[in-house]
Amino acid sequence: MDNILSVRDLRVDIPLAGGTLHAVRGLNFDLARGETLCIVGESGSGKSLTSLAIMGLLPKMAQRHSKKLEFAGIDLSVAKNRQMRSLRGDRISMIFQEPMTSLNPAYTIGDQLTEALLLHRKVGRKAATARAIELLEKVGITAAASRLGQYPHQLSGGLRQRVMIAMALMAEPDLIIADEPTTALDVTIQAQILRLLVDLQREMNMAMILITHDLGVVARVADKVAIMYAGEVVESGRSKDVFTAPQHPYTRGLLRCIPVPGKTKPGEHLGSIPGIVPSLIGKTQGCAFRGRCDVAVDACAHDIPERAGAEGHLYRCVHDNSQMPPKASGGFNTASQSEGRP
Amino acid sequence: MIYTLKRLGLAVLVALAVSMLSFALLHLSGDPASAIAGESATDADIAAIRAFYGFDRPLIVQYADWLFSALRGDFGESYYFQLPVAQLIGDRLSITMTLGICGISFAILTAVPLGVAAAVRPNSMIDRMALFISVMGQAMPSFWFGLVLVVIFSIKFRLLPPSGTESWKNFIMPTVVLGYYAMPAIMRLTRAGMLDVLSADYVRTARAKGASEMRVMFKHALRNAIIPVVSLSAVQMGFMLGGSIVVESIFALHGAGYLAWESIGRNDLPTVQALILIFALFYIVFTFLSDLLNAWLDPRMRVG
Ligand SMILES: Nc1ncnc2c1ncn2[C@@H]1O[C@H](COP(=O)(O)OP(=O)(O)OP(=O)(O)O)[C@@H](O)[C@H]1O
Ligand SMILES: [Mg+2]
């Protein structure tokens, strides 16, 4: 399959008063049309900056470097502003984490939806409005036509996020980046919104990068997974490989942290990874996870080899899988169970 | 619609309150009859004047009488000029209005672009320049700035007339002086508002849609940042009408501000009363209009 997005050695540096923050450090991944890549990692691991780097929307002071950043044959690393603008909202769309503040309070839903199409296509207002209604209906908003005249403050968070999804889809993009699209929503509607997003992605055959904290979600929707830790992808590969045979101690730790229906008893203590993420300011060497890793050895402070498993399953660890102590393989069992969830 | 009616009702109430205050002024400042009669008047003279002007009637009757006359545009007769106040004020008010509108337009048209430019590139040359201009504007007294302009443009280069109201050229320097006085506050509020709004999530959304920087700035950001600026401008405009006395006297524009100043000195109470009422009404009208404009700009305000 042809890759729609190809990323090699993507880095994002932010110069700060105390030194340079290496927020994203050497990301690699490929994404084909129709595929879903889930990026998982705890807060501050660089997930949002990664998506903004692809969109060309990094904060002004952040610097982006890459060996390759190619979207549909277009080299984004050298693309001019004008070209990025014509891609954004047309062929690459993004859905943000904060539905409450991501819509402009001064304009109607209709204005904001049609703008996404009018900026890129030579269509009339009428056609754009028709498209907006069609998409609002697609994202499950009833009385769509009457919603067009409403303002964001008249809608609930869940509705706003549906509007954001509709807006991202107005021009039928090839790639959609959803940065924790449900985190800010009520738990009761998180699943609905996610389901909607995934269904639409399949229907329109888009590639999707879904950023999430929720491994349960990943297990259900991802084709590929990238586990990020402190600006690095510590493990990546096909979803089923990563879930059934996690290699990196951090991935195993994460998998131990998710509850499994039928197995985890109510009130039972879930696994958690003690310790904190190291500072990424200045030069960092070795494995960033070693301070929290229970199988760390001296070699972890030096350069870490990237090891390859089957089918593009990659991980960065001094240990080979065979040398992993049995203790860490608890996550292994949990994972295979969690994947079997409905 | 409900919002508009509410605002309108409020405006009318405030106007009524102001009319009472300005009416009360006449009576709070001492016995109006003896003020008119002067120092050397006898008690009989004063009693006659009191009867002539109707000061012997109950206050509430006097107020109602005055208010209804005022509503018809009849503000009584000036004690000093012995002319109807309405006639006296008419021309002068148009001078003051012209000056006020030109002044606020000048202020907005310079302050808003400068504020936006400063916010787009904080700490750049243009930001520093904007800061410098605004500090100058606040530090320089109007009369001094006015005189400097007169010296340069009237005396040295003979480009603009130093005083009078004959042509539009007479209004250039007064407009600049008056506008420059209001500009710094508007500029800084625009800059602060833009800085705030430019980091908003919806601005990022607009960029993610592929909107150009111009569109992001003016359609998505400025519309939200300008809301407090509208209210401030209305207040400034109110100040300008009443507070243009300094500018009017430098450039010998005999406007309403100047008339008010003179009339206070002359104890010409009907004129002062009428001017206060009119200035206050303008103020109320501007505030009302700015509320409407803000409601148009920001739909969240429309709930009232
Ligand atoms: N504008 C910025 N200035 C300075 N540091 C920043 C900026 N944006 C992000 N960072 C830093 O970069 C790192 C990565 O941030 P990023 O937003 O990508 O994290 P994330 O993985 O998306 O986290 P979360 O799950 O909380 O959204 C963090 O340490 C953050 O503090
Ligand atoms: Mg984030």
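Throughout, a chain's letter reflects where its sequence line sits, starting with A, and its residues are numbered from 1. Everything numeric here is computed off the predicted structure, so don't read it as measured data.
- For the pair Arg300(B) and Tyr151(A), the cation-pi test (distance below 6.0 Å, angle within 45°) is failed.
- Only the side chain of Met167(A) comes within contact range of chain B, with at least one heavy atom under 4.5 Å from a heavy atom of that chain.
- Closest of all the heavy-atom pairs between Pro105(A) and Asn224(B) is CG-OD1, 3.5 Å.
- Judged by distance alone, with hydrogens and angles left aside, the side-chain atoms of Lys209(B) form no donor-acceptor pair with the main-chain N or O of Ala168(A) at under 3.5 Å.
- Tyr202(B) places no side-chain N or O within 3.5 Å of a backbone atom of Ala106(A) that could act as its donor or acceptor partner.
- The two residues Ser102(A) and Arg204(B) come nearest to each other via the heavy atoms OG-NH2, 4.3 Å.
- Residue Arg223(B) touches chain A through its side chain alone, counting heavy-atom pairs closer than 4.5 Å.
- Neither the backbone nor the side chain of Ala200(B) comes within contact range of chain A; no heavy atoms are under 4.5 Å apart.
- Of the two parts of Ser199(B), neither the backbone nor the side chain holds a non-hydrogen atom closer than 4.5 Å to a non-hydrogen atom of chain A.
- Judged by distance alone, with hydrogens and angles left aside, the side-chain atoms of Thr205(B) form no donor-acceptor pair with the main-chain N or O of Leu103(A) at under 3.5 Å.
- For a residue to count as touching a neighbouring chain, one of its non-hydrogen atoms must lie under 4.5 Å from one of that chain's; by this rule Ser86(A) does not touch chain B.
- Proximity to chain B is absent for every atom of Gln154(A), based on heavy atoms less than 4.5 angstrom apart.
- Proximity to chain B is absent for every atom of Ser93(A), based on heavy atoms less than 4.5 angstrom apart.
- When each of Glu115(A), Met164(A), Glu98(A) is checked for heavy-atom pairs under 4.5 Å with chain B, Glu115(A) comes out on top.
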